[in-house]
Amino acid sequence: MERWDRVGRRAAYGGALALLPYLLIKVSWVVGSLMGLLPVGHGFGRAEWVVLNTVTVGMAAIGIAAALALVRPWGMRIPGAPVVFCVWVGSGFLVSILPFAVLGALLDAGGGSPGEAGDPADPAMPVWEGVLVQFGFLGMGLGLTLAVPAYLRRRWPASFAGRVGDGPRKALPWAAVVGAAVGLCWLYWAAGGTVGIAHPAERVTDWYVLGALSAFWALACSAAVGIITRARPARLPRGVPLVFGWVGSGSLFAWSGWKLPVTLYLAWADPVGARPPEHLAVAVVLHLCAVVAGAAMLRTLVRSHRRQDS
């Protein structure tokens, strides 16, 4: 355990350090836009651009603080709930960003949608800034991958002990069913389905890749929560479904929690140049279901951890 803790400690510091350039870049965007020194992103007004990037500044600051909480002594003294929530949301964001960045680079030769973060055509994101942003996501993602399990095992060692069959058998939670339904919808779109699609021409490679990744984690976490509650297969180590349930529910909650207000804004303001592929009403329903299901599945996992500790 000592060696694992040392690895997790270094990973937490590395992740916090890697995300620091992203934080500074976003601060410069906010300050530069307010002072009229930097252009705003494609399809945004100045106020919208400042609000959006102020939110991401706060998210980056919380991410850095959460990474430090995983390794500093004060992280073991403060209540576990806010630390767990922050790293759960952060893991949910990054678990899709990391393979998305790799697969998008391999499969897409300039096929990103206009105005996306990192698009060279967007004056708000030069290439060198895009590289630093991707480096920050990669570093924080890898850091959390190693640091979070080490922290959780230090704080709640009994939760990862034993096998699935050691716990009581429960009925399949409704959240797992809802999460699976959302995942199947996203998988259908990623496979080229057109029901619920308003603008088929707007479906670029990045959209397909991120949709497939989101579908995978939605289905994976629904299956994991089902395995834990049904206590089958009994010989499976308990840590396996816990990891998939943790990461997948975080992905559902984080990404749809981010996209839901953006989709509502697009439906209300109808800004020029913003045409997502999906019907906005369908997207709102799916994101709302994903947020609720992700939060409910985390609650199920936490309750199973408490039963295990008792």
Side-chain angles (χ1 to χ4, degrees), residues 88-89 91-104 107-108 111-113 115-117 171-230 241 243-268 270 274-301:
W88 175 64
V89 172
S91 300
F93 272 123
L94 294 168
V95 75
S96 292
I97 286 180
L98 297 182
F100 168 72
V102 174
L103 292 175
L107 298 177
D108 189 7
S113 60
E116 272 184 280
L172 184 66
W174 61 265
V177 177
V178 173
V182 172
L184 288 174
C185 290
W186 287 339
L187 184 61
Y188 167 75
W189 282 346
T194 57
V195 176
I197 298 296
H199 307 290
E202 300 296 323
R203 298 184 295 180
V204 296
T205 302
D206 289 351
W207 183 86
Y208 282 111
V209 172
L210 189 56
L213 289 169
S214 299
F216 168 79
W217 285 114
L219 295 172
C221 73
S222 298
V225 171
I227 287 171
I228 289 175
T229 55
R230 301 294 290 170
V243 168
F244 279 95
W246 164 276
V247 173
S249 61
S251 178
L252 273 175
F253 182 87
W255 276 104
S256 287
W258 172 261
K259 290 180 179 179
L260 179 59
V262 173
T263 305
L264 289 172
Y265 168 76
L266 293 177
W268 171 69
D270 193 21
R275 289 192 357 149
E278 310 95 328
H279 281 289
L280 294 179
V282 175
V284 166
V285 171
L286 286 178
H287 290 319
L288 182 60
C289 289
V291 169
V292 174
M297 281 191 276
L298 176 66
R299 185 167 178 259
T300 299
L301 294 174

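For the numbers below, each heavy atom of this structure counts, side chains included, while hydrogens, waters and symmetry mates do not.
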Between A267 and L280, the two heavy atoms sitting closest are CA-CD1, 3.5 Å

How far does CG of L252 sit from OG of S222, to the nearest 0.5 angstrom?
-> 6.5 Å

Aromatic plane relationship, H287 with W186 - under 30° parallel, 30 to 60° tilted, over 60° perpendicular = tilted

Least distance between heavy atoms, G179 atom then A293 atom | N-CB, 4.0 Å

Residues in side-chain hydrogen bond (donor to acceptor under 3.5 Å, both in side chains) contact with S249, at least two apart in sequence or another chain = W88

So, the side chain of S256 versus the backbone of F253: is there a donor-acceptor pair under 3.5 Å, distance only?
-> no

For V291 and G257, work out which heavy atoms get closest and say how close.
-> CG2-N, 3.4 Å

Minimum heavy-atom distance between P277 and E202, given as atom pair plus value = CG-O, 3.7 Å

Looking at side-chain heavy atoms only, is the closest gap between V292 and V178 below 4.5 Å?
-> no

Heavy-atom distance under 4.5 Å between the side chains of L286 and W189, does that happen here?
-> yes

Do you know which two heavy atoms are closest between T194 and Y188, and how far apart they sit?
-> N-OH, 3.3 Å

Which pair of heavy atoms, one from T300 and one from T229, lies closest together, and at what distance?
-> CG2-CG2, 3.7 Å

side-chain hydrogen bond (donor to acceptor under 3.5 Å, both in side chains) partners for R203, two or more places apart = Y208

CD1 (I227) and CZ (F244) are apart, to the nearest 0.5 Å, by 9.5 Å

When rounded to the nearest 0.5 angstrom, what is the spacing between CE in M297 and CH2 in W246?
-> 14.0 Å

Between CG on residue L213 and CH2 on residue W255, distance to nearest 0.5 Å | 10.0 Å

Are the side chain of S214 and the backbone of L210 linked by a donor-acceptor contact shorter than 3.5 Å?
-> yes

